[in-house]
Structures are given as C-alpha cells and as structure tokens.
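Throughout, residue positions are numbered sequentially from 1 according to the sequence presented.
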Amino acid sequence: MSPARESIPSLSPLELAVYRLRDAEAAADAARADVELEAVLAVRTGADIDTVSGLAGITPHDLLRLEKLTGDIPPS
C-alpha cells in the first residue's frame with residue numbers, strides 16, 4: 001500500500017452516522033405527520049383547539065389551516 005493511501009482516514013464511521021441521521025429524520029417526519037393527523041382528528045371530534053394546539057405543539061392558526069386543508073380521513 002502506498003504511503004498516500006495509508007494517510008487517508010476511513011469514512012465508514014461518517015457514512016454510518018449519516019445513514020443514522022437520515023433514518024432519524026425520516027422517523028421524526030413520520031411522527032410529526034402522525035401528530036398533525038391526530039390533532040386534526042381531535043379538532044374534528046370537538047376537542048378544544050387551544051388544548052390540542054398546546055399538546056401537539058402546533059399554533060392554533062396552523063392547526064385550523066391543517067384542518068381545512070386536510071380532506072377526508074378514513075377510519076383506521
């Protein structure tokens with residue numbers, strides 16, 4: 001092996017960290033979508049908007065916007 005190749009560090013740990021980060025970001029996006037869907041369903045079933053907003057971490061304005069933009073939600 002040439003001396004130049006010996007001085008190049010392995011990027012495997014970095015690549016693994018990047019994959020873990022991407023997986024975590026995808027999981028966070030999915031969890032955020034679940035929270036938004038459940039918040040919309042709660043508002044549609046009559047829950048207090050301010051209470052749902054506080055629990056979900058979504059402003060009342062954004063929650064109402066989500067509710068209006070979300071179409072029919074099939075029962076799960």
Is there any salt bridge (charged side-chain N to carboxylate O under 4.0 Å, His left out) pair reaching into residues 41-53, and which pairs are they, with sequence neighbours excluded?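 The answer is Arg44-Glu67.
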Hey, could you give me the [atom1]/[atom2] distance between [X] and [Y], rounded to the nearest 0.5 Å?
{"X": "Leu37", "Y": "Leu66", "atom1": "CG", "atom2": "CG", "value": "10.0 Å"}
{"X": "Glu15", "Y": "Arg20", "atom1": "CD", "atom2": "CZ", "value": "12.0 Å"}
{"X": "Ile49", "Y": "Ile58", "atom1": "CD1", "atom2": "CD1", "value": "12.0 Å"}

What pair of heavy atoms forms the shortest contact from Leu63 to Ala39, and how long is it?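 Minimum heavy-atom contact is CD1-CB, 3.7 Å.
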Give a yes or no on whether a salt bridge exists between Asp62 and Arg65, defined as a side-chain N under 4.0 angstrom from a carboxylate O.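 Salt bridge: yes.
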